[in-house]
Amino acid sequence: MQYLAEGLRLPTNGLDYTILAIYFVVVLGIGFAARASVKTSLDFFLSGRSLPAWVTGLAFVAANLGATEILGMAATGAQYGVAVVHWYWIGAIPAMVFLGLVMMPFYYRSKVRSVPEYLLQRFDKSAHLLSSILFAFAAILIAGVNLYALSIVVEALLGWPQWVAIVVAGFFVLIYITIGGLSSAIYNEVLQFFVILAALIPLTVLGLKRVGGWDGLTGSLEKSHGEDFLSAWGGTGIGDANPLGANWLTIILGLGFVLSFGYWTTNFAEVQRALSAKNLSAAKRTPLIAAYPKIFIVFAVMIPGLVAAAVFPEIGTPGSDLTYNDAIPLLMQELLPNGVLGIAVTGLLAAFMAGMAANVSSFNTVFTTDIWARYVVKDKPDAYYLRFGRLITAVGVLASIGTAFIAASFSNIMTYLQTLFSFFNVPMFVVFIIGMFWKRASMKSGVWGLVAGTTAAMVNYFVIYKQGIIDIPTDQGANFVSAIVGFVAGAVVMVAVTLFTAPRPEAELAGLVYGTESPDADEVPEEGDSAWYRSPALLGWGAIVLAALCYLPYSL
């Protein structure tokens, strides 16, 4: 499978490789520096719950800002135009705010070490074990996507063999997570956040300059692609044909609600960053702080995609060897001088490593605390689980290398990721949301909701869509529909099972269901956390209003 054009090579020189080498040295240095703080398994898996909100907030957004997103969203911009804003302002910000204001209090006060552990407290062991297995499997698959995409990009841009790229990146991620645990991953993600921006901002500015500014870009694209290309909602009426293969209803329900909330509120690779915060106030602010850069990052990935569509009109056309995934590498080759080029390559590698590290660190936590310590080897000293956590990290990296090649069966990286989210995150979200807001939901309803949601999403994708029973124009549109089907099926089954099984005693639901008083309900924020400008509610509503204002120019 070929993601990038065969002849695409970057004119890198010694200066660019020096910048790359310095970055890798700093990454390992952070890992060794974090090692001193790792004394217990809690330090290794959750940084001892000691990190400030600004650190966990930047790590939260960086964990999602993998190179699959950078390449994939730029490709989406080149293919679909400004419709890519849906993945940010509808498909991220509301869910991030909901996580911070509504769900983090449940996660943090219950003192769970992982997202599946909440299901153990709210439902039963069967729901907990199934969700742990599903999440661990999905985390390795997603880490493999990052690793495989990295090898393809590095081979195309730098001429390195794929296996070299896989081994080098996997080795560095393995070393700094094994040594420094989650703290090392988080502080490296903060560094990677700024390195990624240092790569994207020059590309965006020089790209706009190349096409005569925003007016020149929009004028060129309107002539070649039509008005709908520059409108977020153009051609999305029900029954209308559009390249995205989705109408406004499936965008709002499938992406804006089910996929978005399913990913941001239950994906432990993200939530783990908030759980490592020093107190409840900082945990609530973590996704809210992350929401602000998330609002604007869309410009740094969308504009290069639009510029590529204008500068290289043959991109993605039949008969051309240039795919939409070539958008960022093409502009790097065309626009960036040496030195800046080295920063850009480093930014891409940093993005891949951030995405992979987020999934590996969440995998080792869930596998160790939720599967191994709970069901396989119980009641061992804490030092045993710390050693096992480091061992399973190595296993996770090796497994990621194996699952990397599963991604080769999909023609689009982002489509593959969205498919995984509809299978694994959406069913977990419906179980969480019903369990958190409906006290009557019985203990047995959790596991059956997971089974029904996952099965329904897979049946819709592999049978109803792939076998052509219902005509859905694109894989992306099928993912939106699969997410909706999985959510509805999980919810219906949970309600049905609840009606025939006994509810959990209300006394055991304190702090686990909305409206019940938590034992820590009177917790007072630490000194300095109570200032008005640190208010989670103010941060959250501010992010939603700002995202809505940004939407206005593209909604016409």
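Note: hydrogens, waters and symmetry copies are ignored here, and every other heavy atom, side chains too, is used.
Put simply, the side chain of Trp264 never gets that close to the backbone of Leu99: no donor and acceptor are under 3.5 Å apart. Proximity of a side-chain donor or acceptor of Arg273 to a complementary backbone N or O of Thr56 within less than 3.5 Å is not detected. Within the 3.5 Å criterion, the main-chain N or O of Ala34 finds a donor-acceptor partner in the side chain of Ser37. Without hydrogens or angle criteria, Asp43 side chain to Thr40 main chain gives a donor-acceptor distance under 3.5 Å. Between the Thr317 side chain and the Pro313 main chain, no donor and acceptor come within less than 3.5 Å of each other. Using modelled atom types, one side-chain atom of Ser362 and one backbone atom of Asn359 make a donor-acceptor pair closer than 3.5 Å. In terms of modelled atom types and a separation under 3.5 Å, the side chain of Asp16 and the main chain of Asn338 share no donor-acceptor contact. At least one donor-acceptor pair under 3.5 Å links the side chain of Asp382 to the backbone N or O of Ser41. With hydrogens and angles disregarded, a donor-acceptor distance shorter than 3.5 Å links the side chain of Tyr292 to the backbone of Leu539.
Between Phe135 and Phe268, the ring-plane angle classifies as perpendicular under the 30° and 60° cut-offs. Using the six-membered ring where Trp is involved, Phe367 and Trp372 have ring planes that are parallel, under 30° apart on the 30 and 60° scheme.
At a cut-off of 3.5 Å, with distance as the only test, no side-chain donor of Thr369 or Glu117 sits close to an acceptor on the other residue. Checking Tyr80 against His225 by side-chain atom types alone, no donor-acceptor pair falls below 3.5 Å. Between the side chains of Tyr23 and Gln192, at least one donor N or O lies within less than 3.5 Å of an accepting N or O.
Tyr263 has its ring centre no less than 6.0 Å from the ring centre of Trp87.
No more than 12 heavy atoms of other residues, nucleotides or ligands shown are found within 6.0 angstrom of CZ on Arg35.
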